[in-house]
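Letters go in sequence order (proteins before strands), and every chain restarts at 1.
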Amino acid sequence: MNLLDLAAAGCAIAMIASVVHILRGPTPADRVIAADLLTFSLVGLVALVGVRLAREGTFDLVLVATLVAFLAAVSLARALTGGRR
Amino acid sequence: MNDALLPLIVAVPLLASGVAAFARHRHRWAIVLLLTILTANIIAAAGLVWATADGSVVAHGIGGWPNGIAIPFVADAFSALMLTVAGLLTLVCVVFAIVADTGRNRLFPALVLVLTAGVNGALLTADLFNLFVFIEVMLLPSYGLLVLSRRGRGTDESVTGSRLYVTFNLFVSTVFLGGVALVYGVAGTVNLAELAGAAQESPLVAAALGVCLFALAMKAAVVPVHGWLARAYPSTSPAITALFSGLHTKVAIYAIYRIYAVGFEGDQTYLWIGVAVFSATMLIGVLGAVGEDRMRSILAFHMVSQIGYILLGVALFTPVGLAAGIFYLLHHMIVKASLFLSAGAIETRFGTDRLDDLRGRVGREPVLMVAFGVAALSLAGVPPFSGFFAKLMLLVAAVEDGQVAAAVIAIVVSLLTLLSMLKIFNAVFARTVSGGEPVGPVGPVRRGGLAVAQRPTTRAALAVPAVVLAAATLALGLGAQGLFALAEVAAAGLLDTTGYVGAVLP
Amino acid sequence: MTILELIGQIIALLGALIFVVAAVGLRRFPDPYARISAVATAAGLGVAFITVGAVLQVPTVDNVVKVVLAVLLQLITSAVAAIVIARAAVSSGHRFSDGTDTAALDEDA
Amino acid sequence: MTLIAAVAAAWLLVALAPAFVRLTGRYAGWPLAGGMLGVLGLVLSAWNPQQVVRESVPWIPALDIALRLRLNGLALLFAVVVLAIGAVVLVYSTSYLRQPRSPGFYGLMTAFAAAMLTLVLADDLVVLFVAWELTTLCSYLLILRSGPAAKEPATRTLLVTAAGGLALLAAVVTLIARTGTTELTTVLAHPLWREDPGFATIVAVLVAIAAMTKSAQFPFHAWLPDAMVAPAPVSAYLHAAAMVKAGIFLLMLFAPAASAAAIWSPLLVGVGLWTALMGAFFAVRRADMKELLAYSTVSQLGLLVAVIGVGTPTAMLAASAHVVAHALFKSAGFMGVGLVEKRTGTRILTELRGSGRILRWDAAMLILAAVSMAGIPPMLGFISKELLLDSFLTAAPPALSWTLAIVATAGAVLTVAYSLRLVLPLLPGRLGAARPGEHGPQARPWRDTRAMSVAVSVPAILGLALGAGAPLLDPVVRPAAAGAAGVDVASVSGVYLWHGVNAALLLSLTAIVLGTLVGLRLRGAPAPPAPQRWSGVLAVQHAQQGIIALGRRVGDLTRSDVPAANLVVPIVLIGAAATALPMLWRGWPRYDEPFLVLDLLLLLLVAAGVIAVSVATRRLTAIISVGVAGFAVVLWFLVLGASDVAVTQLLVEILTVVVMVLVLRRMPRRLRPSRPRRRVLAAIAALAAGVTATLAALVFTGHRELSDVAAFFLREAKELTGGTNIVNTILVDFRALDTLGELVVLGIAAVSITALLEARRAVDRPSGKGTAAALSNARVNAVFLTAVGRIVAPVMVVGSAYALLRGHNAPGGGFIAALIGAAAIALIYLAAPSDEIPRIERSYLAIAGAGIVIAVGTGVLGLLDGSFLRPLHFDIGSLHLTTALVFDLGVYLAVFGVILAAINRLGLSPADAVRTDRSSERSVR
Amino acid sequence: MILALTIGVLVAGAVYLLLQEDRLRVILGFVLLSHAVNLLLFSAGGIDSRDEPLGEALNPATTADPLPQAFVLTAIVIAFAITIYLLVLAVTGNPSEDAGLDDAGADDAGPDDAKAPAPAPTRGGRR
Amino acid sequence: MILSILTLPFRFAAFVCWFAAQLTLTSVRVLGDILSPGLTATPRVVRLPLGSAGDLHVTAISVLITLTPGTLALGAARDDSGERFVIVHSLYHRDTDSALADFADMDRRITRAVALGGPR
Ligand code: NA
Ligand code: NA
């Protein structure tokens with residue numbers, strides 16, 4: 001039993017919880033927040049799965065994700081205000 | 001000829017399109033570039049016809065990688081003929097577009113050049129995935145051309161039509177790609193030459209290629225998946241409708257011919273499906289046309305109907321049937337574009353293509369009348385125009401093959417075709433024949449916010465493209481021998497694919 | 001399993017726990033702002049822990065450099081994202097939970 | 001080559017017609033008539049009574065189609081009729097026409113004559129059909145050009161005759177397919193006619209239908225009276241002498257062969273006699289001279305068809321003679337009526353009473369034609385009617401023959417009656433006098449219509465002359481009859497005025513007497529109301545409208561711009577086809593157990609995302625939910641061993657969200673709700689599609705070893721390209737063409753987006769008002785993203801460059817690099833305190849274009865090493881460079897261009913958008 | 001098996017969305033559909049070998065088929081371009097198309113779902 | 001100056017350690033609240049004055065506040081005199097003053113940790 005699997009399971013739980021929260025809301029901001037959590041638990045999962053499967057691109061993917069993933073969050077925030085800055 | 005130069009027929013228009021993308025406000029040079037490249041394209045294609053007319057096949061593996069690895073470009077008589085006619089059409093439609101304004105948009109040259117490259121690539125490639133890519137290369141500029149309008153404001157209709165067009169074509173592409181995936185899944189290759197006969201040997205490959213064929217049939221607007229075309233085509237500018245009519249569905253038809261010939265080696269097992277479906281296509285298409293009240297809607301439904309005829313050739317898969325189908329295909333590209341262009345000339349001048357709005361308003365238009373009349377008769381299969389010989393050969397092939405029902409439908413559909421063409425002719429040109437004066441309101445007619453000044457007759461430049469193509473259909477009728485001999489060579493290449501396969505995998 | 005790997009695994013597990021807690025917080029907190037707060041922490045720290053934990057399994061120079069960079073970036077970008085979301089929430093009229101003192105928002109700035 | 005020359009000369013006349021009109025105005029009829037007689041001379045000079053003249057010029061050898069001509073008796077007969085009457089009618093036209101220039105009229109009339117000549121001389125099925133269709137076309141245009149009222153009749157005429165043409169086409173196709181040749185002589189002599197009764201019957205019926213439409217036989221007769229809107233010369237030529245004779249010609253041509261079919265004779269005789277009676281019956285009661293003649297034509301053609309159906313040598317002789325007789329008296333009749341109308345302004349019988357005195361010669365000529373039509377000796381009409389009656393009487397068996405003869409006689413009675421009615425007002429003395437209170441018509445002076453008078457006189461007098469000198473006709477009608485009957489000329493008797501007293505003569509005399517009585521009795525009778533011909537016209541009209549209505553309904557089936565409506569059909573079809581999938585089942589695909597849990601987790605995630613997006617009611621929720629599925633797919637790619645793909649997918653996901661949000665603010669917040677019914681149906685379709693897709697994946701994939709091409713890549717890629725990232729070597733080396741296409745797609749997407757947004761501004765909707773005073777300052781709050789940008793943007797740029805450079809050997813490459821670069825652009829846009837600041841004025845098109853130029857240019861360089869897109873390798877010192885990198889740079893720029901286009905074009909606030917629109921308008925002027 | 005199910009789920013969702021009226025739903029349907037096809041391409045290469053095709057001396061028995069990966073990369077980017085175009089097209093219609101959907105009034109200003117109560121002034125008198 | 005550059009890593013490390021401890025403390029508190037029934041939060045929005053701090057400074061303090069469990073920067077503001085503020089949402093501070101004190105402390109530490117002109 002590798003603890004990383006357990007950690008991956010934790011990330012997965014967080015992801016599923018985010019999806020539920022995305023659907024339940026109740027406010028648009030909640031959906032955006034949940035999307036944020038989802039994105040970052042994905043990054044976690046990528047790191048864990050990538051290492052477990054010895055994927056060479058793992059940390060490239062993580063690095064790229066940390067570089068760009070917040071753009072999605074920022075965009076979604078913009079959506080909350082209807083495009084107003 | 002050096003086979004390695006074959007890809008240039010795609011590369012040169014692409015290169016030019018990249019250059020044309022720099023065109024800014026004054027872009028006369030871009031138009032000159034466009035016309036130069038299109039002319040060169042025709043010359044190159046004609047050269048290919050010359051090189052392949054004896055049945056030989058020109059092939060080149062791109063990048064010089066080993067056979068089976070490289071993406072192959074192949075030109076035989078069929079693809080060379082298609083290249084030539086497609087190139088010709090493009091040039092004629094582009095001239096019309098430039099005269100009729102759409103073509104003066106600064107984005108126009110780049111879009112058309114990429115479209116040309118896409119068409120050429122799709123006609124030359126012998127790799128299914130690459131075909132998918134080139135279909136996309138055709139589609140993306142088409143999306144732009146669809147909404148292009150020099151006057152600055154697209155209509156609601158063009159947006160709605162675009163949405164349908166884009167959505168449907170995206171669906172088609174996705175299904176096609178799915179089919180390619182299935183082919184790779186079962187056969188382990190997407191190289192058409194390596195797939196030669198595979199569908200005949202394995203029902204799995206047949207089913208996978210069947211998905212690709214289904215997608216292409218959707219793209220070709222075969223009944224019952226034809227509705228999109230009849231709705232989307234009339235929504236854009238006349239020049240673009242004409243251009244698309246000659247290119248998009250026809251590339252799909254070409255691919256259907258090619259894939260069925262190579263992949264299935266003309267397997268007789270599935271031909272009945274084609275005969276049934278394509279007969280229905282002829283009939284439903286023409287009925288739709290009869291019911292429409294706009295020139296371009298009528299013509300668009302006719303495309304559907306005529307596609308049935310064209311594809312009947314591959315569904316017969318006899319030497320005469322294939323040759324007739326190919327002849328029909330080439331004839332139809334010319335005639336349909338001619339019809340769209342003469343309709344477009346009327347529409348450009350009067351601001352509408354609705355028959356009820358045009359009735360009684362069009363004065364004497366002898367030149368357009370003759371052009372339209374000739375093309376319409378050719379479409380209906382009336383001699384001595386090319387459509388007659390196309391239909392005659394097809395009918396003979398069908399009867400020889402025992403497909404009497406299809407032949408009967410084809411004949412009945414001719415009459416309905418004539419009926420719907422009369423609808424246009426009577427509404428628009430009857431006055432020209434009877435020599436009377438227009439009784440409708442004379443003066444600027446406002447429509448879509450545009451004031452159209454009425455001049456005695458349509459500018460000659462607007463009519464010339466339609467006339468050129470109408471003359472072509474007469475020439476192809478009286479001189480059917482020339483094209484038919486080539487069509488026979490092309491058909492022979494489909495019946496016996498060893499030349500094609502051997503050129504790709506020597 | 002080396003000790004480094006074990007430590008890494010524990011750190012990663014901790015990171016995962018932070019995510020789980022954030023997920024619970026998402027359920028439990030009364031208003032979007034509290035939830036953003038919970039998620040912001042998890043996004044920054046959870047990812048940092050997990051990636052560090054992961055890189056300890058394959059600590060090549062290449063990977064470590066990437067992870068250090070990633071962690072730094074993550075801490076900054078995730079927090080800024082949270083701030084942007086929070087401000088957007090405020091300016092799009094998302095309510096604070098009852099009992100929140102929001103006087104500071106009203107003063108003229 | 002005389003025949004060829006004759007046909008060519010005829011068509012040359014067509015080409016010359018406009019020139020003649022230009023030179024001589026309406027008098028062009030004279031030279032054209034001369035030309036036509038010249039053509040007739042050519043034909044006669046080619047004629048050889050001993051031998052059929054045949055000539056051929058190759059046309060489409062591939063299909064065995066040639067311009068084959070042959071001159072036999074039948075062809076001669078019809079050629080003479082067509083050309084001679086044609087010349088007369090052209091002369092008539094010079095005076096009839098009032099417009100100084102009618103190039104269309106003369107062109108079409110000569111074209112018609114040329115087509116008819118080609119038709120009768122054709123010895124090739126295709127040539128025959130082409131000519132046949134040309135006559136149809138010419139007649140349509142000739143009717144159509146006679147005025148606005150002619151549109152509908154012309155259309156109906158065309159539809160009916162074109163339908164007949166298609167029957168002939170069907171016959172032609174069947175003949176070609178079954179006999180393997182297009183040569184008419186061979187086809188007609190083919191043994192198949194006797195060997196295959198089914199074939200014979202089908203072709204016979206098709207030919208009969210074709211002929212009957214053209215010759216206005218029941219039930220296709222309606223078009224002919226309908227077509228009377230055409231001017232007199234057209235009616236005289238087409239609807240009396242020429243076009244309607246095409247059908248008769250066709251029947252006589254095919255008779256020897258088609259009579260092998262049992263149905264041939266009864267069909268022709270039955271339809272012909274019925275039409276003869278019906279036409280005559282209608283003709284008797286017409287008040288309009290032209291209408292009367294039109295129905296008379298229908299009737300006379302009926303007699304011809306019937307007698308051809310009899311098929312004996314006598315019958316064919318009768319047919320041949322009657323063709324000539326009818327051509328003469330009917331052309332004279334129509335032209336005469338036209339002349340009367342020209343001179344008096346009317347052609348209504350009652351209005352013409354008393355005009356005989358003023359019309360004099362013209363009236364006399366019309367009367368002469370009518371006498372021939374009535375079959376009164378010594379006119380040619382009498383002779384041909386005698387022959388007709390005789391043919392019916394000699395047709396076996398006797399019981400039937402008498403029935404036929406009596407019916408024909410009944411027709412003859414009516415013929416006499418209507419002929420009498422036609423000329424009564426013109427007759428001298430009491431018969432034609434005006435009634436008290438009526439003022440006879442005023443006539444125009446004869447001088448104006450001299451040419452018309454001449455033209456009417458020629459056939460009218462010929463009808464008399466050829467009746468008196470009947471044997472003069474023998475050289476023309478006997479060979480024709482022999483050909484049509486399929487016998488030697490010797491076995492066809494000659495034409496005589498006096499046959500002696502026989503049954504036919506008695507019937508004929510009876511007809512004359514009874515007909516006169518009927519005619520006189522009907523003299524004052526009013527014309528019946530509801531003209532019967534409308535029933536036929538209505539039938540055509542109804543058929544036309546019915547088809548149009550049906551067509552509209554067919555169009556309605558697909559009349560929707562909603563994509564869903566157009567997608568449902570293919571989706572259902574695919575689903576239906578998928579029911580065959582279980583038949584292809586070949587066990588479960590190969591699968592590695594260790595991945596099971598992980599795979600299940602990803603499945604769960606995808607499912608969560610899919611369900612979430614399906615139930616979402618808000619746009620924001622929907623795009624976030626789709627992101628869930630997208631992230632799960634990213635993980636799938638990673639798990640499946642595709643880091644490059646995973647990175648790309650991740651970047652694409654993020655950038656898609658960025659663009660989606662730009663779009664989102666221009667749409668309502670809520671998704672358009674679907675009706676429950678649609679939702680349920682869609683769900684069912686979705687379920688079926690899901691099952692189909694799963695099954696397809698199981699059946700079609702995972703059952704084979706590593707493909708040859710994949711094995712090649714794994715084995716050789718490093719060696720051949722120097723790269724160790726196999727996927728990247730495929731992208732930029734082995735399948736660079738795909739990549740080239742892809743980057744072109746991206747680059748041109750930028751152009752298309754620009755085109756779209758220039759053609760049509762994006763919708764804008766007001767964004768809500770700011771609510772929190774303290775946080776409302778965008779400029780102050782821009783610090784966060786700006787600061788992050790200062791840190792992250794350089795990393796992005798470096799990372800982008802890094803990915804670009806090392807892509808060949810490790811995850812990376814042009815796409816990933818560009819997407820990272822594009823993310824930097826997105827960041828700059830998002831960080832800016834206003835929409836306007838970050839715009840990069842239009843250079844994105846240049847960037848995209850440069851990308852395409854660089855990539856294609858690199859590809860073309862490859863030709864130096866023998867192939868387009870062949871990467872070139874350089875070693876500069878220890879540094880190994882490949883043009884694949886330059887290619888990747890092209891990719892990079894293209895991706896960059898499209899993102900810039902989307903952000904620049906969509907990221908504008910309304911005020912900015914207006915400004916941009918103005919500038920773009922300026923730019924296109 | 002699991003990948004096949006994933007493809008099935010994606011296709012089901014895609015078809016469901018494609019058959020809806022809303023333009024954005026249709027676009028999202030295409031996004032899902034292209035995911036499905038991309039995974040199908042992977043599946044076509046065989047998914048029992050999942051080692052990355054990176055580096056030298058690759059074991060053909062365990063290394064994933066690189067060709068579908070290249071295909072998918074191409075397909076992703078093409079789909080991306082078209083998706084962007086579709087998105088732009090979705091907002092270049094007539095504003096009246098969405099008449100009735102406009103969440104006018106309170107709903108427009110307020111962020112809450114219908115379920116949540118309408119925004120009300122909170123303590124501190126914000127708003 | 002040279003000294004300050006040399007000491008920077010140590011000062012920064014010290015700050016990181018302090019911050020880590022801070023994180024742990026607050027984490028435990030928030031964790032306890034979330035995982036136990038009921039919430040003990042006393043949410044409030046406060047305005048943290050930062051004088052004429054630069055952009056990076058404002059961002060850094062906001063990021064740190066946001067990373068800390070239970071607190072969240074909502075955005076920045078600037079008053080007429082040009083003074084900058086960060087508006088902070090805090091869940092567990094009993095009153096505005098204690099919150100401001102905590103944040104000011106954090107601000108002081110980070111300033112000291114990264115200052116190049118020597119500790120203030
Ligand atoms: Na926090
Ligand atoms: Na608690």
Need one label for [X]: side chain, backbone, both or neither, based on atoms under 4.5 Å from any heavy atom in chain C.
X      : value
L91(F) : side chain
V46(F) : backbone
L64(F) : neither
T96(F) : side chain

| Residues of residues 64-77 of chain C under 4.5 Å from chain F (heavy atom pairs)? | L75(C), I76(C)
| Residues of residues 18-27 of chain C contacting chain F, heavy-atom criterion under 4.5 Å, by residue number |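 Answer by number: V21(C), V24(C), G25(C).
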| query | Where the side chain of R112(F) meets the backbone of D107(F), is there a donor-acceptor pair that is under 3.5 Å apart? | reply | no
| Closest non-hydrogen atom pair between H94(C) and Y33(C), with its separation |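 Scanning both residues completely, I find the closest heavy atoms to be O-OH, 2.9 Å.
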Whether the [X] and [Y] side chains hold a donor-acceptor pair (N or O, under 3.5 Å, no angle test) is what I'd like checked.
X      : Y       : answer
S97(C) : T100(C) : yes
D62(C) : T60(C)  : no
R11(F) : T7(F)   : yes

Is there a side-chain contact between [X] and [Y] in this structure, where contact means two heavy atoms from C-beta onward sitting under 4.5 Å apart?
X       : Y      : answer
S52(F)  : R84(F) : no
F19(F)  : L67(F) : yes
D101(C) : V45(F) : no

| said: Salt bridge or not between D31(C) and R35(C)? Use side-chain N to carboxylate O under 4.0 Å. | reply: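 Answer for the salt bridge query: no.
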| query | What is the distance from atom NE2 of H89(F) to atom CD1 of I83(C), rounded to the nearest 0.5 Å? | reply | 14.0 Å
